[in-house]
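Sequence lines set the chain letters: A, B, ... in the order given, protein chains first and strands last, and positions in each chain run from 1. Worth saying up front: this structure is predicted, and the values here are computed from it rather than measured.
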There are 2 protein chains.
Amino acid sequence: MKLHLNNAFDNRIDLPPSILEKGITKRFKKGDILFNKGDQSKNLTYINRGIVGLVNLAPNGHESLLRVFGEKFFLGYRSFLVGEHYHASAIALSDGELLIFPYTGAEEVQAHLPELFLHLTRMIARDLRIAEERFNDITGKRVVSRIIETLIFLKQRHPGYQWTRREIGEFCGAKTETVTRALTKLEKAGLIEKEGREIHLSDIQELLEYSEGQEALNQ
Amino acid sequence: MKLHLNNAFDNRIDLPPSILEKGITKRFKKGDILFNKGDQSKNLTYINRGIVGLVNLAPNGHESLLRVFGEKFFLGYRSFLVGEHYHASAIALSDGELLIFPYTGAEEVQAHLPELFLHLTRMIARDLRIAEERFNDITGKRVVSRIIETLIFLKQRHPGYQWTRREIGEFCGAKTETVTRALTKLEKAGLIEKEGREIHLSDIQELLEYSEGQEALNQ
DNA sequence: CGATAGATTGAGAGTTTTCAACCGATGTGG
DNA sequence: CCACATCGGTTGAAAACTCTCAATCTATCG
């Protein structure tokens, strides 16, 4: 999971005015669903302001937080490029503003905006690495380690946002209560500080060392 | 996870002779390491014959099977396109033969072989969906369900190969013994047949129904 | 100020892993 | 061609995480 740290802002991009001006502005409010799992992807979206989560709600009620998109992130590019239906829903975690680009499909972007196309491809490639690193973590590490790494990842990528225990858990496969217990433990160990709902990471290096010390799964 | 089934062969591609003839042929044997985690990606590879696993070995010894590549699959395209070091190792699961294309990087492919570039992009996009669907499964489903879905996925994609309990487990986050117990249970329920080391799936639809019935994780 | 969402804590339950022993098949070298 | 080593598979009992459920507390917002 360490690689995440070196790539905290990889997916943030400043668009040139020539592209920006072609987007259609649209505001959204916290809790809004920006697209639904199963919908056909019709356009490429960019976040001017705000923060959005890609969430999967399973039929049995289980929810997971797959990715998070902040200011200057694209959104919905995976489905757009491959022409699939969305495999998860985008839910606004804060108020904000979108730019919508009504391109017809991957071919149009590739032909007319090759740089952007390459950028999007590389974003997906990094997303895939991160997803697979998370897979390693979830199958090979204790929940405390996963929570530590999630804290570091989410905090570094989106410092402004106050992550809830639930969101942290949904990102790393843990229940809310488990996250609470882990945070209490970390606070007692002097590795984090809780201030109301805000969480401060005292020393990332120490946190990572603590994580590694957490009795790795044997075998 | 159901979507996997509709895309069993998505990542298989027949290359035209114009591309094929430019590749350098290289044989490999079962157990060979085709590239190592941490290596710099230098070329694009295609599998003429054989089957290859993308494997992560964590420092604590935990192993996971991230993806599997068969005949007519590309290999190593994620790292190649984004210009990253490999985040996992490629290990030959059988004897086989590679074609190596010494392209200099993503830009060259985009400029000279735009169709191939689009294909690779879409492959990564599908890989990302599959990885995230697996993430949902691993956090939200019981181990028996995961094993069932893994059996179906791996068997459909690579019918010729005899999957071991260990590989099945490494693909869905379960220990070898757990896979054994699950298979015994499924055999007793008449849903699969074991014939030596070969596993026959009697009825995929029934298997999926059984999977859903397996007391979903609450909440 | 009340309502609601989020956080905390405890006790008990349950799934999956761990550890250990054993079996059977496969393959290799003498 | 047999002996033996090795790999994969099976089974059982015990241990260990993490979850579940329930109750209570706190923060935030209208």
Side-chain angles (χ1 to χ4, degrees), chain A residues 29-31 58 60-65 91 93-95 137-148 150-151 161-170 172-188 192-199 211 214-219, chain B residues 29-31 58 60-65 91 93-95 137-148 150-151 161-170 172-188 192-199 211 214-219:
Chain A
K29 292 216 157 297
K30 178 172 175 168
N60 64 24
H62 178 82
E63 218 166 322
S64 45
L65 179 56
I91 299 181
L93 302 182
S94 75
D95 293 358
D137 283 359
I138 224 168
T139 58
K141 290 186 182 172
R142 293 267 117 88
V143 77
V144 182
S145 299
R146 301 196 319 255
I147 289 170
I148 288 176
T150 300
L151 280 174
Y161 185 73
Q162 277 212 359
W163 299 97
T164 65
R165 314 298 191 250
R166 182 156 182 222
E167 287 159 348
I168 294 167
E170 286 179 0
C172 67
K175 293 294 162 203
T176 306
E177 298 94 323
T178 305
V179 176
T180 290
R181 284 186 242 270
L183 293 182
T184 303
K185 200 170 158 187
L186 293 177
E187 190 176 36
K188 280 184 183 148
I192 64 170
E193 281 173 67
K194 292 188 276 181
E195 187 186 331
R197 277 180 187 164
E198 185 58 51
I199 301 164
S211 165
Q214 277 310 100
E215 205 66 24
L217 257 48
N218 307 328
Q219 256 279 347
Chain B
K29 291 215 159 295
K30 178 173 176 169
N60 65 25
H62 178 82
E63 219 165 321
S64 45
L65 179 56
I91 299 181
L93 303 182
S94 76
D95 293 358
D137 282 358
I138 224 168
T139 59
K141 291 187 180 171
R142 292 266 119 89
V143 75
V144 182
S145 299
R146 296 188 333 245
I147 290 170
I148 289 175
T150 299
L151 280 174
Y161 185 73
Q162 278 213 355
W163 299 98
T164 66
R165 315 298 191 248
R166 183 158 181 221
E167 287 158 348
I168 294 167
E170 286 179 1
C172 68
K175 295 291 163 205
T176 306
E177 298 93 324
T178 306
V179 176
T180 289
R181 283 186 242 271
L183 293 182
T184 303
K185 200 170 157 187
L186 292 177
E187 190 175 38
K188 279 182 184 150
I192 66 171
E193 281 173 66
K194 291 189 278 182
E195 187 185 330
R197 280 183 184 160
E198 185 57 51
I199 302 164
S211 165
Q214 276 310 99
E215 205 65 25
L217 257 47
N218 306 329
Q219 255 285 340

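For the pair Leu186(A)/Lys194(A), no side-chain contact is recorded, criterion being any heavy-atom separation below 4.5 Å from C-beta on. Contact check for Arg166(A) versus Glu63(A): side-chain heavy atoms found under the 4.5 Å cut-off. Residues Val179(A) and Thr150(A) form no side-chain contact, since every pair of their non-hydrogen atoms from C-beta on lies 4.5 Å or further apart. With a 4.5 Å cut-off on side-chain heavy atoms, Ser145(B) and Asp137(B) do not count as touching.
Lys29(A) and Asp95(A) are joined by a salt bridge, as a carboxylate oxygen and a charged side-chain nitrogen come within less than 4.0 angstrom of each other. Under a 4.0 Å N-O distance rule, the pair Arg181(B)/Glu177(B) does not qualify as a salt bridge.
Per the geometry, CD belonging to Glu198(B) stands 16 Å off P belonging to dA25(C), to the nearest Å. As a whole-Å value, the separation of Lys185(B) NZ from dT10(D) C1' is 16 Å. One atom, CH2 of Trp163(A), and another, P of dA27(D), lie 22 Å apart when rounded to the nearest Å. In this structure, Ile138(A) places its CD1 atom 17 Å from C1' of dT17(C), rounding to the nearest Å. Atoms CD (Gln162(B)) and P (dG9(D)) sit 9 Å apart, rounded to a whole Å. Distance Ile199(B) CD1 to dG8(D) C1': 12 Å, rounded to the nearest Å. As rounded to whole Å, 15 Å separates atom P of dT16(C) from atom NE2 of His62(B). Counting to the nearest Å, the C1' atom of dT15(C) and the CG atom of Asp137(B) are 17 Å from each other.
Separation of atoms CD1 (Ile168(B)) and CD1 (Ile148(B)) is listed at 12.0 Å; rounding is to 0.5 Å.
Among Glu198(B), Glu167(B), Arg197(B), the single residue meeting the side chain to side chain donor-acceptor pair (under 3.5 Å) criterion with Gln162(B) is Glu198(B).
Closest contact between the side chain of Lys175(A) and the listed nucleotides dT18(C), dT20(D), dG6(C) involves dT20(D). Listed nucleotides: dT15(C), dC7(D), dT18(D). Nearest to the side chain of Arg197(B): dC7(D).
Put simply, the side chain of Gln214(B) never gets that close to the backbone of Arg142(B): no donor and acceptor are under 3.5 Å apart.
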What does the list of N/O pairs under 3.5 Å between the protein and nucleotides 11-14 of chain D look like, with a distance for each?
residue : atom : partner   : partner atom : Å
dT11(D) : OP2  : Thr184(B) : OG1          : 3.4
dG12(D) : N7   : Arg181(B) : NH1          : 2.9
dG12(D) : O6   : Arg181(B) : NH2          : 3.1

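Residue contacts for Gly173(A): at a heavy-atom cut-off of 4.0 Å it reaches the sugar-phosphate backbone alone, with no base atom in range.
Comparing Arg165(B) and Val143(A), the nucleotide of DNA chain D nearest to each residue sits closer to the 5' end for Arg165(B).
Where the helix from dC1(C)-dG30(D) to dG30(C)-dC1(D) starts and where it ends, the local axes point in directions that differ by 50°; five pairs per end, rounded to 10°.
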